[in-house]
Student: 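Below you'll find the structure I mean.
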Amino acid sequence: KNPQWGVCGTHISPGNDKVGHIPSFSTMPMSTCGKNVPCAKGCYAVKLARRPNVRTCWEANTAKVKAGELSEIGADITAYLTAHPDIHQFRWNVAGDIASKAFLAMMVCVAHDNPGVTFMAFTKRYELLPLEGLPDKLKQAAAAREANPEASLSDLAMLSDPPVSK
């Protein structure tokens, strides 16, 4: 129903009916997550990755991340957002997590390059987040998760300013 948008091998989902049509970038579940994360046992994204089209896209994104093709990923996401000026929200990692400090730096660059877009990044990799250096919109999402570690994504979305909804 929602085809993946691929540029140079980077796959961007245009969103879904559950959380709304918010495009996102994801990697394979557990592939970039920290060790012993509390959500590993019941990871909802594992079920999504069973879908062949989703798995293919997430595996390709995972390969690009592990190959260090971060500048290409950032450029592809910026190209996508430029091609879709009506998009004002973007989500990092429906599946997976912030892979490294270099990945976070790329996320920050993409946020700076797209000031009209609110970026969401829910993470369990708090050790990678120097909150003082993040753009306000990323800082808000990181702080909300840190303050509410057991909150659902829906609850966290409603804590955003403005609240994120369908």
Student: According to side-chain contact (heavy atoms from CB on, under 4.5 Å), who are the partners of Asp113, at least two apart in sequence or on a separate chain?
Tutor: Thr78

Student: Which residues pass the side-chain contact (heavy atoms from CB on, under 4.5 Å) test with Ser100, sequence neighbours left out?
Tutor: Ala102, Phe103

Student: If I take atom CD1 from residue Ile73 and atom SG from residue Cys109, how far apart are they, to the nearest 0.5 angstrom?
Tutor: 13.0 Å

Student: State which residues pass side-chain contact (heavy atoms from CB on, under 4.5 Å) with Ala121; sequence neighbours excluded, sorted by chain then number.
Tutor: Trp92, Met107, Leu138

Student: To check you understand the geometry: which heavy-atom pair defines the closest contact between Leu70 and Met106, and what is its length?
Tutor: O-CG, 3.3 Å

Student: Donor-acceptor pair, Thr62 side chain versus Met28 backbone, under 3.5 Å?
Tutor: yes

Student: Any side-chain heavy atom of Ser24 sitting closer than 4.5 Å to one from Ile12?
Tutor: no

Student: Using atom types as modelled and distance alone, determine if a side-chain donor or acceptor of Asn61 lies under 3.5 Å from a backbone N or O of Ser26.
Tutor: yes

Student: Sequence neighbours left out, what passes side-chain hydrogen bond (donor to acceptor under 3.5 Å, both in side chains) with Thr27? Give chain and number order.
Tutor: Thr32

Student: CD1/Ile22 to CZ/Arg91 distance, rounded to the nearest 0.5 angstrom?
Tutor: 8.5 Å

Student: Between Val110 and Gly74, which heavy-atom pair has the shortest distance, and what is it?
Tutor: CG2-CA, 3.5 Å

Student: Quick one: list whatever passes side-chain hydrogen bond (donor to acceptor under 3.5 Å, both in side chains) with Arg55, sequence neighbours left out.
Tutor: Glu59

Student: If you take all heavy atoms of Thr10 and Lys64, which pair is closest and at what distance?
Tutor: OG1-CE, 3.0 Å

Student: Identify the two heavy atoms, one from Gly96 and one from Asn93, that lie closest to each other, and give their separation to 0.1 Å.
Tutor: O-CB, 3.6 Å

Student: Within the structure provided, determine whether Phe119 and Val117 are in side-chain contact (heavy-atom separation under 4.5 Å).
Tutor: yes

Student: Output the distance between atom CG (Asp76) and atom CG (Leu81), rounded to the nearest 0.5 Å.
Tutor: 11.0 Å

Student: Are Pro29 and Trp58 packed together at the side-chain level, in the sense that at least one heavy-atom pair is separated by less than 4.5 angstrom?
Tutor: yes

Student: Is any side-chain heavy atom of Asn114 less than 4.5 Å from a side-chain heavy atom of Phe90?
Tutor: no

Student: Find out whether Tyr80 and Pro14 are in side-chain contact, i.e. whether some heavy atom of one side chain is under 4.5 Å from a heavy atom of the other.
Tutor: yes

